[in-house]
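Numbering of ligands and ligand atoms starts at 1, following listing order. Because the structure is predicted, anything quoted here is derived from the model rather than measured.
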Amino acid sequence: MTPRIWAVLPAAGRGTRFGGEVPKQYLEAAGKPLIAHALDALLSHPRIDGAMVALAADDPRWPGWTSRQGKPLLRCTGGGERADSVLAALHALPTDVGDDALILVHDAARPNLRGADLDRLIDIASAHADGAILGAPVRDTLKRADADARIVATEPRSALWRAFTPQAFRRGALTAALERARAAGIVVTDEAMAMERMGVHPALVEGREDNLKVTTPADLALAEYLLARGSAG
Ligand code: CTP
Ligand code: MG
């Protein structure tokens, strides 16, 4: 049997940089919350079997969904850092999602994920033992600054990529990598960073630049525009 594919959505953050009362994953754009856009993008993909969301312990806003797009949607309690939330979700996955299952970790606040990017990510991650992530080459010129925001150097950018999500790894390998990072006291900012520490080299899959993570109010306005345009863009 081919290994199963599940999505994990860390959604336990408080949106400090965005500000305001409502955590950004619950803000609406184009008629539904950002987390619903993220879930529907993943669960409408024919190869994804289900999703696990990691929520804040005291989250009063989770609508209690137990399925979407006809697929199971499970919930668990996240942790203090993004990596803690992802690890909690990995531990909470059903046992029939084996160690060789492919897990797609995707930010709840990243609503504009397209099916074609998912197709390519799943194809490449399935073929690579080291897993794969969506990303895009850096296009702007990069400046190194001093403490007064004055330029001290121009950095070469030709080998640099921005890391997006989803990030796709085998359940067993990703769980072990995140546990090792935590035991070492290292806060990893994405799943690939935990895997890199294990000495592996995940593949970079070039994805759409409009797969944006909503961090600030300006990002929400852009997300609203992109989602309202829909797949025509
Ligand atoms: N996240 C999480 N658990 C945490 C921190 C973050 O599940 N302890 C999730 C967020 O809910 C979000 C994703 O990880 O879906 C990406 O994190 P980020 O954009 O940094 O969101 P926040 O941490 O909520 O925002 P901020 O850093 O501005 O507080
Ligand atoms: Mg954060």
Under 4.5 Å between side-chain heavy atoms, counting indirect links through other Ile/Leu/Val/Met/Phe/Trp/Tyr residues: same cluster for L34 and L104 or not?
yes

Report yes if some heavy atom in the side chain of D40 is under 4.5 Å from a heavy atom in the side chain of K32; otherwise report no.
yes

Begin from the C-alpha positions of E209 and R162 and carry the test side chain to side chain contact (heavy atoms under 4.5 Å, CB included) through to its verdict.
CA-CA 10 Å; E209 306 245 7; R162 299 157 61 212; 2.9 Å; yes

So, does R171 use its side chain to make a donor-acceptor pair with the main chain of L90 at under 3.5 Å?
yes

Judging by distance only, is a nitrogen or oxygen of D107 under 3.5 angstrom from one on ligand 1?
no

Are any of the heavy atoms in R110 under 4.0 Å away from ligand 1?
no

Any heavy-atom pair between the side chains of L178 and V188 that's under 4.5 Å?
yes

Among all protein heavy atoms, pick out the one at the shortest distance from atom 21 (O) of ligand 1; state its residue, atom name and that distance to 0.1 Å.
K24 NZ, 3.2 Å

Which of I133, L174, L121 passes side-chain contact (heavy atoms from CB on, under 4.5 Å) with Q167? Answer is I133

Closest protein heavy atom to atom 26 (P) of ligand 1, given as residue, atom name and distance to 0.1 Å
T16 N, 3.5 Å

Quick check on T215 - does any of its heavy atoms sit under 4.0 Å from an atom of ligand 1?
no

Answer yes or no: is there a donor N or O on one side and an acceptor on the other, between the side chain of E206 and the main chain of A136, under 3.5 Å?
no

For ligand 1, which part of A12 has a heavy atom less than 4.0 Å away: the side chain, the backbone, both, or neither?
both

Tell me, please: is G78 in heavy-atom contact with ligand 1, that is, under 4.0 Å?
no

Protein residue, atom and distance nearest to atom 8 (N) of ligand 1, heavy-atom basis:
G79 O, 2.9 Å

dist R170:CZ -> H128:NE2 (nearest 0.5 Å) comes out at 9.5 Å

In this structure, atom 11 (O) of ligand 1 is nearest to the protein heavy atom G13 N, 2.9 Å

Which residue and atom name correspond to the protein heavy atom nearest atom 20 (O) of ligand 1, and how close is it?
R17 NH2, 2.9 Å

Is any N or O atom of F18, backbone or side chain, closer than 3.5 Å to an N or O atom of ligand 1?
no

Is L42 close to H45 at the side-chain level, that is, under 4.5 Å between some pair of heavy atoms?
no

Salt-bridge present (K24, D107; N to O < 4.0 Å):
no

Could you list which atoms of ligand 1 come closer than 4.0 Å to a heavy atom of K213?
18 (P), 19 (O), 20 (O)

Under a 4.0 angstrom heavy-atom cut-off, which atoms of ligand 1 come close to A108?
15 (O)

Side chain, backbone, both or neither: which part of E81 has a heavy atom under 4.0 Å from ligand 1?
backbone

When you measure from the side chain of N112 to the backbone of L212, do you find a donor-acceptor pair of N or O atoms at a distance under 3.5 Å?
no

V214-ligand 1 polar pair, N/O distance under 3.5 Å:
no

If you have a sec, work out which protein heavy atom is nearest atom 14 (O) of ligand 1 and how many Å separate them, to one decimal?
R82 CG, 3.5 Å

Interatomic distance, D49 atom CG to R4 atom CZ [nearest 0.5 angstrom]:
4.5 Å

Counting from 1 in the order shown, the ligand 1 atoms closer than 4.0 Å to a non-hydrogen atom of A109 are 15 (O)

Do any nitrogen or oxygen atoms of P10 lie less than 3.5 angstrom from nitrogen or oxygen atoms of ligand 1?
yes

Which ligand 1 atoms does G80 reach within 4.0 Å, using its non-hydrogen atoms?
8 (N)

Relative to atom 22 (P) of ligand 1, which among A11, S85, G15 owns the nearest non-hydrogen atom?
G15

